[in-house]
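These numbers were taken from a predicted model, which means no experiment stands behind them.
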Amino acid sequence: MKYTTRQKAILLLSDGTIFHGKSIGISGTTFGEVCFNTGMTGYQEIFTDPSYFGQLMVATNAHIGNYGVNDSEVESQSIKISGLVCKNFSFNYSREDASGSLEDYFIKQNLICISDVDTRALVSYIRDNGAMNAVICTDETPIEELKIALSKVPDMKGLELASKVSTTEPYFFGDENATYKIAALDLGIKTNILRNLAKRDCYIKVFPFDSSYEDLAAFNPDGYFLSNGPGDPEPLSGAIQVAKEILKKDKPLFGICLGHQVIGLANGISTYKMFNGHRGINHPVKNIITGKGEITSQNHGFAVNKEELDNHPDLEITHLHLNDGTVAGMRVKNKNCFSVQYHPEASPGPHDSSYLFDQFIENIKG
């Protein structure tokens, strides 16, 4: 591999802190909320996860790109992160079934990346100071100009982003002759969620984020699903109303991540923006019902209010995050409804929690 000189680049945080690095070769500036993921593998699934829309991803693993990319390992049709921050970017890759290099993948989708950053120091800084907006610049734009532009980027709190990643038209997934029909509201759905449902003999119709309950019900589904997605759940008044209608009819309902938060809001439980959020594939969760532990895949910056849940007569906490005690799952006592804050479909991550899809099917049967 011949040595090549790369352009200097910077990461400017909204509080004025600057981290220096190098561009991987794509020139420009990109803005978003800076956050970090602790996963050691699965970078392609992370980059294409719609829940990461609008975020600058800091990879804590020291090497990114070393096993290339594979066309089948995507969670949506395109990269959803706003930019990447990493320590060592691998221009070469070694994996027999790789479709190509991460560099070519980024060039194709014009994703700006800064490497050679002291990511240990950066993650430590974010942990101490919280998630905040930032800008990656690889084209030598003056710092003062970047600061002015960065000051105009909206905060994630109150930001509705589901509309940016949801399908614009309904579509189907799975075998139309399957036993069960599922209506899924797409707030930023991951493909592996659909795979998990289809694997359990489900035929899924995926609806745009602003669809009404009547739209979903016209499919005559056996169960309803509210997906993961990016942004603040509070502005999603339409999705919250859909959840209320499903609960009123007492139809089988399962929510993941943003869908979990929407179900909480539909029951009068408030949500809040977390200081840092949870992003990684080794988060410990305790199932309160069974007493068993689960190692889970997580990606969220908002959570439901635990104190309000504890005091709600019709809701029950089913799972707790063991690192900080936040709510990781809940169910409605008198309704056919449950939800989790984490990702049982993994991709990337462990499969400890895949039983939740089986639980959904059992609820439909019941």
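Other residues, nucleotides and ligands contribute at most 12 non-hydrogen atoms within 6.0 Å of the NZ atom of K286. For K157, the NZ atom counts as densely surrounded, since its 6.0 Å shell holds more than 12 non-hydrogen atoms of other residues, nucleotides or ligands. Within a 6.0 Å sphere centred on NZ of K251, heavy atoms belonging to other residues, nucleotides or ligands number 12 at most. For K292, the NZ atom is loosely surrounded, since the number of other residues' heavy atoms within 6.0 Å does not exceed 12. In this structure, K273 places its NZ atom where more than 12 heavy-atom neighbours from other residues, nucleotides or ligands lie under 6.0 Å away.
In terms of hydrophobic clustering, with Ile, Leu, Val, Met, Phe, Trp and Tyr side chains grouped at heavy-atom distances under 4.5 Å, I46 and M40 are assigned to different clusters. Taken together through direct or relayed side-chain contacts under 4.5 Å among Ile, Leu, Val, Met, Phe, Trp and Tyr, F53 and V135 form parts of separate hydrophobic clusters. Each of L356 and V327 belongs to its own hydrophobic cluster when Ile, Leu, Val, Met, Phe, Trp and Tyr are linked at side-chain heavy-atom distances under 4.5 angstrom. In this structure, I246 is not a member of the same hydrophobic cluster as I204, with clusters built from ILVMFWY side-chain heavy atoms closer than 4.5 Å. In terms of hydrophobic clustering, with Ile, Leu, Val, Met, Phe, Trp and Tyr side chains grouped at heavy-atom distances under 4.5 Å, I193 and Y180 are assigned to a common cluster.
There is a side-chain donor-acceptor pair under 3.5 Å between H300 and H278. Judged by distance alone, the side chains of E160 and S163 do bring a donor and an acceptor atom under 3.5 Å apart. Between the side chains of E345 and S354, no donor N or O sits under 3.5 Å from an acceptor N or O. Y125 and D15 are linked by a side-chain donor-acceptor pair at a separation below 3.5 angstrom, with hydrogens and angles left out of the test. Side-chain N/O atoms of S101 and E103 include no donor and acceptor closer than 3.5 Å. Between the side chains of Y67 and S94, no donor-acceptor pair is found at a separation under 3.5 Å. The closest side-chain donor-acceptor pair between Q44 and E75, if any, does not fall under 3.5 angstrom. Using a 3.5 Å distance cut-off with no hydrogens or angles, the side chains of N363 and N336 do pair a donor with an acceptor. In this model, no donor atom of one side chain and acceptor atom of the other lie less than 3.5 Å apart for S27 and D139. In summary, the side chains of R331 and S339 do not present any donor paired with an acceptor at a separation below 3.5 Å, with no hydrogens or angles considered. A side-chain N or O of Y342 and one of E294 form a donor-acceptor pair less than 3.5 Å apart.
S76 is not listed as a side-chain neighbour of D49, based on a closest heavy-atom distance of 4.5 Å or more. Side-chain contact between M57 and F36 is absent, with no heavy atoms from C-beta onward closer than 4.5 Å.
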Next item on the list: Could you go through the side-chain hydrogen bond (donor to acceptor under 3.5 Å, both in side chains) check for N192 and H343 one step at a time?
Entry: CA-CA 10 Å; N192 207 43; H343 287 267; over 6 Å; no
Margin query: side-chain hydrogen bond (donor to acceptor under 3.5 Å, both in side chains), that's the test. Do N37 and Y43 meet it? Break it down for me.
Written below: CA-CA 9 Å; N37 187 294; Y43 54 73; over 6 Å; no
Next item on the list: Mind running salt bridge (Lys or Arg N to Asp or Glu O under 4.0 Å) on D250 and K248 for me, showing each step along the way?
Entry: CA-CA 5 Å; D250 195 19; K248 191 184 300 181; over 6 Å; no
Next item on the list: Determine, step by step, whether D201 and T179 satisfy the side-chain hydrogen bond (donor to acceptor under 3.5 Å, both in side chains) criterion, reporting the C-alpha distance in whole Å, the side-chain angles of both residues, the deciding distance to 0.1 Å, and the verdict.
Entry: CA-CA 6 Å; D201 204 16; T179 303; 2.2 Å; yes
Check: Could you walk me through whether R6 and S115 pass the side-chain hydrogen bond (donor to acceptor under 3.5 Å, both in side chains) check?
Finding: CA-CA 10 Å; R6 290 191 286 134; S115 68; 2.9 Å; yes
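Expressed to the nearest 0.5 Å, how far CD of E316 lies from OG1 of T318 amounts to 7.5 Å. The distance from atom CG of D71 to atom OH of Y105, rounded to the nearest 0.5 Å, is 8.0 Å. The line from CD1 of I364 to CZ of R200 is 11.5 Å long, rounded to the nearest 0.5 Å. Going from atom CG of N129 over to atom OG1 of T17 covers 7.0 Å, rounded to the nearest 0.5 Å.
Between T38 and the choices V58, V123, I281, T60, the side chain to side chain contact (heavy atoms under 4.5 Å, CB included) rule is met once, by T60. Residue F302 is tested with M274, Q341, Q261 for a side chain to side chain contact (heavy atoms under 4.5 Å, CB included); the sole match is Q261. Of the candidates Y355, F254, Y224, F254 is the only one forming a ring-ring contact (aromatic ring centres under 6.0 Å, His included) with F360. The residue from T296, N282, I295 that alone fulfils the side chain to side chain contact (heavy atoms under 4.5 Å, CB included) condition with P350 is I295.
For K244 (side chain) and N267 (main-chain N/O), no donor-acceptor pair under 3.5 Å exists by modelled atom type. The backbone N or O of I26 sits less than 3.5 Å from a side-chain atom of T138, completing a donor-acceptor pair. In this structure, the side chain of S297 engages the main chain of P348 through a donor-acceptor pair within 3.5 Å. A donor-acceptor pair under 3.5 Å is absent between the side-chain atoms of T29 and the main chain of I136, judged by distance alone. Between the side chain of N88 and the backbone N or O of A62, at least one donor-acceptor pair lies under 3.5 Å. Looking only at distances, no side-chain donor or acceptor of N110 sits under 3.5 Å from a matching main-chain atom of I107.
Heavy atoms only, all atoms of each residue included: M156 and G54 are closest at CE-O, 4.1 Å. Shown here for G188 and V165, the closest heavy-atom pair between the two residues is CA-CG2, 3.7 Å. Residue I256 comes nearest to F357 through the heavy atom pair CD1-CZ, 4.1 Å, listed as atom of the first residue, atom of the second, then distance. Taking every heavy atom of both residues into account, G158 and D232 meet most closely at N-OD2, 2.7 Å. What you find for K147 and L12 is that their closest heavy atoms are CG-CD2, 3.8 Å.
Taking the ring centre of F219 as origin, the terminal cationic atom of K181 falls inside the region bounded by 6.0 Å and 45° from the ring axis.
The pair R95-E73 meets the salt-bridge criterion, with a side-chain N (NZ, NE, NH1 or NH2) lying under 4.0 Å from an Asp/Glu carboxylate O. Between K306 and D310 there is a salt bridge, with a side-chain nitrogen of the basic residue lying less than 4.0 Å from a carboxylate oxygen of the acidic one.
Between F47 and F106, the two ring planes are tilted [angle within 30° to 60°].
Taking the ring centroids of F89 and F91, they lie under the 6.0 Å cut-off.
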